[in-house]
Every structure is written in structure tokens, then in C-alpha cells.
Amino acid sequence: MKVYQAGTQADENFKHKVADLLMKQMTRPNNEETYNLILNGINLALEESSPSKIVVAESKENEIIGVAFFNIGISLTNGGPYIWLNELYVDPDYRNRGVGRKLLLHVIYWAEHEGIKTIELETGINNEVTKHMYNSLGFYDIVSKRYGFSF
């Protein structure tokens, strides 16, 4: 398995592989509209000026088996850039093999070398396996309630 950050040179085949993987986790309807929204987000994230990054885990057979997607923002309380980890997803057939950990370690290593101050993320309250992985890598609980607004 190799883990790497996708760049602006990513081809359409790569983008579709990432979109296909992310479709597996969707709780909203699995339809063409959802797929196109994901694909559009991938395209935007891979633009040169984008504050977003995509890191993938690829099997020996060149299949995308895991993805981390994050945005870089500016934190006023930490006085510098931070990462919001939007997605960390591993194909169910490859779970419990260290794929998620390797993806997250790649993000942590990259962030440290880029001068990122913090990494924040959200996970389900009952997702004990994922919470254990985050805690084992030094992440800590932040008590908050997330809100959203859509247009």
C-alpha cells in the first residue's frame, strides 16, 4: 500500500476512483446527482489555488482504498493555519489493517512540516474504533455542538 497526496495533475480516472470510494459512505441518496457533487468537490479540491487537499491510500493493485480530505483555514485562537479534516474514509473491505492510521499519519506529518498549528475533525459519538485511533495518535476531545446552514 502507498499513501500520497493527490496533485493538480490527477487524471479523470483517479478522480472517479476517489468519487466511487466516497459514494460508499454516503447517507444521502446514492444517485447520479450525489456522485456529481462529490466529483465537483474533488475537482475543486485539486485546483492549484484550493485550500483543500486529498490524500489517498492505494492498494498494490492500484485501487483507491482510503481517502483523507481536508481544508486549511486560519485559526484566530491559535494564531495560524489549521486543518479541518472533512473526511477520513476507508473501504470496508480494508478496515482494521492500519489504512486509516497511515492516512492520518501522512496528514499529521505533512501538517507539521507546513507549519499547521492544529488539526480538528468530527466523528460520531458511538464510533469507538475511530475515536480510539484518534486518541492513540494524540487527538483529544473538544466539547462542542456543530451547526450547519445550507443554501
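Just so it is clear, the model here is predicted, and its values are computed rather than measured.
Remark: K53 NZ to H106 NE2 distance equals 11.0 Å, nearest 0.5 Å. Considering CG of L121 and OG1 of T130, their distance stands at 10.0 Å, rounded to 0.5 Å. We find the OG-CD1 distance between S50 and I42 to be 12.0 Å, quoted to the nearest 0.5 Å.
Side chain of N127 to main chain of T123: no donor-acceptor pair is present (N/O by atom type, distance under 3.5 Å, no hydrogens or angles). No donor-acceptor pair closer than 3.5 Å links the side chain of N78 to the backbone N or O of G80.
A single hydrophobic cluster is seen to contain both L137 and I83, as judged by linkage of ILVMFWY side chains at heavy-atom distances under 4.5 Å, directly or through other members. In terms of hydrophobic clustering, with Ile, Leu, Val, Met, Phe, Trp and Tyr side chains grouped at heavy-atom distances under 4.5 Å, V90 and V55 are assigned to a common cluster. W110 and V18 sit in two unconnected hydrophobic clusters of ILVMFWY residues. Membership requires side-chain heavy atoms under 4.5 Å apart, directly or through other members. Grouping the Ile, Leu, Val, Met, Phe, Trp and Tyr side chains by contacts below 4.5 angstrom, directly or via other members, places V56 apart from V99.
Taking the six-membered ring for Trp and the full ring otherwise, F139 and H132 have centroids separated by 6.0 Å or more.
Every residue two or more places apart in sequence or in another chain was checked for a side-chain contact (heavy atoms from CB on, under 4.5 Å) with K60, and none qualifies. Residues satisfying the side chain to side chain donor-acceptor pair (under 3.5 Å) test with E120, not counting sequence neighbours, are none. With sequence neighbours excluded, the residues satisfying side chain to side chain donor-acceptor pair (under 3.5 Å) with S59 are E61. With sequence neighbours excluded, no residue forms a side chain to side chain donor-acceptor pair (under 3.5 Å) with E112. Under the rule for a side-chain contact (heavy atoms from CB on, under 4.5 Å), the partners of L44 that lie at least two apart in sequence or sit in another chain are N40, E47. Applying the side chain to side chain donor-acceptor pair (under 3.5 Å) criterion to T8, with sequence neighbours excluded, gives no partner residue. By the side-chain contact (heavy atoms from CB on, under 4.5 Å) test, N36 is found to be paired with E32, residues two or more places apart in sequence or in another chain being considered. Residues that satisfy the salt bridge (Lys or Arg N to Asp or Glu O under 4.0 Å) test with E58, not counting sequence neighbours, are K2.
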* Please step through side chain to side chain contact (heavy atoms under 4.5 Å, CB included) for the pair N135 and D141, ending with a clear verdict. => CA-CA 8 Å; N135 291 144; D141 292 343; 4.3 Å; yes
* Could you go step by step and tell me if V107 and L103 meet the side chain to side chain contact (heavy atoms under 4.5 Å, CB included) rule? -> CA-CA 6 Å; V107 172; L103 282 165; 5.8 Å; no
* Would you sort out whether I119 and I108 count as a side chain to side chain contact (heavy atoms under 4.5 Å, CB included), showing the intermediate values? => CA-CA 8 Å; I119 300 173; I108 292 168; 3.9 Å; yes
* To do: Tell me, with the steps shown, if Q5 and I54 meet side chain to side chain contact (heavy atoms under 4.5 Å, CB included).
  => CA-CA 6 Å; Q5 185 172 310; I54 297 174; over 6 Å; no
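Across all non-hydrogen atoms, the minimal contact from A10 to K15 is O-CE, 3.5 Å. What you find for L85 and L88 is that their closest heavy atoms are CD2-CB, 4.1 Å. Heavy atoms only, all atoms of each residue included: M1 and A57 are closest at SD-CB, 3.9 Å. Summarising the geometry of G79 relative to K117, their closest heavy-atom pair is O-CE, 4.0 Å, with the distance given to 0.1 Å. Across all their heavy atoms, M23 and N31 have their closest contact at CE-O, 3.8 Å.
Few gaps surround OH on Y4; more than 12 heavy atoms of other groups in view lie less than 6.0 Å from it. Summarising the local packing, CD1 of I142 is surrounded by more than 12 heavy atoms from other residues, nucleotides or ligands at distances under 6.0 Å.
Cluster partners of Y82 are W84, counting Ile, Leu, Val, Met, Phe, Trp and Tyr whose side-chain heavy atoms approach within less than 4.5 Å, directly or via other members.
Within the structure, the salt bridge (charged side-chain N to carboxylate O under 4.0 Å, His left out) test picks out the following pairs touching residues 129-140 (sequence neighbours left out): E128-K131. Residue pairs meeting the side-chain hydrogen bond (donor to acceptor under 3.5 Å, both in side chains) criterion with at least one partner in residues 89-100, sequence neighbours excluded, are K24-D91.
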Tell me which donor-acceptor pairs under 3.5 Å the side chains of residues 64-73 have, and how far apart each pair is, sequence neighbours excluded?
residue: N71; atom: OD1; partner: S52; partner atom: OG; Å: 2.3
residue: N71; atom: ND2; partner: N86; partner atom: OD1; Å: 2.8

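Between H113 and Y109, the ring planes are tilted. Angles from 30° to 60° get that label.
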